[in-house]
2 protein chains.
Amino acid sequence: MGRPMQFETDTAVDKAMELFWRQGYAGTTPQELASELGIGKGSLYNTFESKHALFMRALRRYSERRLEHLTDLFLAPGPIGPRLKEAMIVLAGVGEHQRGCVMVNAAAELGPADVDVNRIADDLFTQIEAVFRQAIAQGQKSGEFAVDRVADTAASQLLACVIGLSVLVKAGGPSERFRGVIDGIVDGL
Amino acid sequence: MGRPMQFETDTAVDKAMELFWRQGYAGTTPQELASELGIGKGSLYNTFESKHALFMRALRRYSERRLEHLTDLFLAPGPIGPRLKEAMIVLAGVGEHQRGCVMVNAAAELGPADVDVNRIADDLFTQIEAVFRQAIAQGQKSGEFAVDRVADTAASQLLACVIGLSVLVKAGGPSERFRGVIDGIVDGL
DNA sequence: GCAGTTTTTGACCTTGAAGTACAATAACAT
DNA sequence: ATGTTATTGTACTTCAAGGTCAAAAACTGC
């Protein structure tokens with residue numbers, strides 16, 4: 001059957017994601033990736049078609065992770081407000097050492113110039129927005145939130161806010177303030 | 001006294017800003033810059049120390065522009081709400097062909113890895129936030145906005161929202177939705 | 001243990017980005 | 001017209017990013 005692979009592909013993708021997260025796409029070299037994954041550059045290109053392909057794979061993995069986490073939160077019992085706040089804190093990367101959100105970084109760095117990446121980012125944003133919308137609707141039904149707001153627009157607001165916070169987090173600043181913003185916006189629902 | 005310069009430095013910085021805006025920092029080559037400015041690479045490096053220096057200069061110029069515009073809006077007469085909305089639309093680049101905001105792009109692309117750029121970005125964000133805070137306070141004093149919100153936190157919210165919108169604008173999407181978000185958040189003040 | 005197969009490795013190659021040097025050129029003062 | 005000084009852009013250097021490849025290594029079946 002030939003020589004078995006000396007490393008797990010999934011683990012490698014995770015590590016790559018971590019590096020891209022910290023350094024961005026252009027700021028990360030194949031050599032650095034190989035070192036980080038503990039493999040040779042040849043293996044890297046043998047396993048992943050290109051740096052770009054690996055990047056997209058890392059982004060997709062990130063999306064899955066985030067959506068999984070969101071779904072879990074959404075299924076949990078109890079008032080929805082605190083869970084919304086928690087979700088926003090995690091998504092924006094508040095308290096997570098100035099990394100922000102990989103997807104936001106990717107969207108801002110590559111933007112429309114890279115249609116593939118752009119599409120992945122857009123998908124994630126859209127799905128997060130949908131989860132927010134459901135959460136808001138649920139909170140309105142249970143009486144936790146006021147019903148005088150359009151869930152749709154409010155969800156977009158939350159999304160924009162989370163994305164903005166992730167940029168501010170990356171630029172650096174007190175977590176206190178960021179939590180305050182999240183509290184304020186969710187308490188206002 | 002020797003030969004005078006054949007191009008205006010300020011105009012050149014403006015054009016460079018335009019290019020960086022569209023293509024990002026890493027995505028823009030010195031050759032492209034020279035072509036865009038209509039000069040040779042030699043002149044480029046003779047006038048600006050390096051690509052990085054030119055980039056920072058373009059970012060500073062962008063900051064000045066934006067703050068100037070904000071100040072103008074703030075000094076204008078009439079209700080503050082519409083002006084706030086207008087400011088947010090301009091800052092986020094709504095309806096401006098998927099470019100978003102250069103500073104947000106720069107902060108997300110280079111992040112904490114580039115302390116100089118990071119500082120410029122942080123400065124602009126802080127100043128925009130301050131203007132928002134003043135505007136909100138003014139609106140509260142005039143009775144246009146409710147007084148039950150802390151102007152400080154609300155300003156941070158607006159800032160986060162604007163930044164997030166600029167990312168969403170860059171990723172592409174209907175301007176309609178973005179205007180709706182802005183209307184919603186300002187009308188809720 | 002040998003054939004056949006797949007993976008690993010690091011040296012190697014190609015390309016283009018970033019920056020430098022300089023000869024030619026242009027504008028000024030006198 | 002002439003000397004002087006600054007500007008210009010081509011050509012060149014350097015360096016590393018991104019990717020390839022041949023040879024060695026690790027496995028399976030016979």
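Residue numbers start from 1 in every chain, and the chains themselves are labelled A, B, ... in the order their sequence lines are given, proteins ahead of strands.
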Without decimals, in angstroms, what is the distance between [X] [atom1] and [N] [atom2]?
X: A/Leu19; N: D/dA17; atom1: CG; atom2: P; answer: 13 Å
X: A/Gln31; N: C/dC12; atom1: CD; atom2: C1'; answer: 13 Å
X: A/Leu44; N: C/dT9; atom1: CG; atom2: P; answer: 11 Å
X: A/Glu32; N: D/dG18; atom1: CD; atom2: P; answer: 9 Å
X: B/Phe48; N: C/dA18; atom1: CZ; atom2: C1'; answer: 16 Å
X: A/Lys51; N: D/dT20; atom1: NZ; atom2: C1'; answer: 17 Å
X: A/His52; N: D/dA17; atom1: NE2; atom2: P; answer: 18 Å

Scan [X] against the nucleic acid and name what it touches under 4.0 Å (heavy atoms): base, sugar-phosphate only, or nothing.
X: A/Phe7; result: sugar-phosphate
X: B/Thr47; result: nothing
X: B/Ser35; result: nothing

(message) So if I take every side-chain heavy atom of B/Tyr45 and compare against D/dG18, C/dT7, C/dT20, which nucleotide ends up nearest?
(response)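 My answer, after comparing the listed nucleotides, is C/dT20.
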
(message) Of the options C/dA18, D/dT7, D/dG19, whose atoms approach the side-chain atoms of B/Thr29 most closely?
(response)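 Nearest nucleotide to the side chain: C/dA18.
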
(message) Looking at C/dT9, I'd like to know if its phosphate oxygens (OP1 or OP2) sit under 4.0 Å from a side-chain N or O belonging to A/Ser43.
(response)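 True: A/Ser43 side-chain N/O within range (under 4.0 Å) of C/dT9 OP1/OP2.
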
(message) Whether B/Lys41 contacts D/dG9 is assessed here as follows: a side-chain N or O lying under 4.0 Å from the phosphate OP1 or OP2. Is that the case?
(response)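 Result: no.
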
(message) If you compare all heavy atoms of A/Ala12 against all heavy atoms of A/Leu37, which two are closest, and at what distance to 0.1 Å?
(response)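 It is O-CD2, 3.4 Å.
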
(request) Salt-bridge test for A/Arg177 and B/Glu129: reply yes if a basic N is under 4.0 Å from a carboxylate O, no otherwise. (result)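 A salt bridge is present here (some side-chain N lies under 4.0 Å from a carboxylate O).
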
(request) Output yes when B/Asp123 and B/Arg119 qualify as a salt bridge under the 4.0 Å nitrogen-oxygen rule, no when they do not. (result)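 Judged by the 4.0 Å cut-off on N to carboxylate O distance, B/Asp123 and B/Arg119 do form a salt bridge.
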
(request) Just say parallel, tilted or perpendicular for the rings of A/Tyr25 and A/Phe55, cut-offs at 30° and 60°. (result)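 Tilted: the ring planes of A/Tyr25 and A/Phe55 meet at 30° to 60°.
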
(message) Nearest heavy atom decides the nucleotide; on that basis, is A/Pro30 or B/Ile39 closer to the 5' end of DNA chain D?
(response)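 Looking at the nearest nucleotide for each, B/Ile39 comes out on the 5' side.
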
(message) Using the rule side-chain contact (heavy atoms from CB on, under 4.5 Å), only one of B/His69, B/Arg66, B/Glu86 pairs with B/Leu91; which is it?
(response)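 When side-chain contact (heavy atoms from CB on, under 4.5 Å) is applied between B/Leu91 and each of B/His69, B/Arg66, B/Glu86, only B/Arg66 qualifies.
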
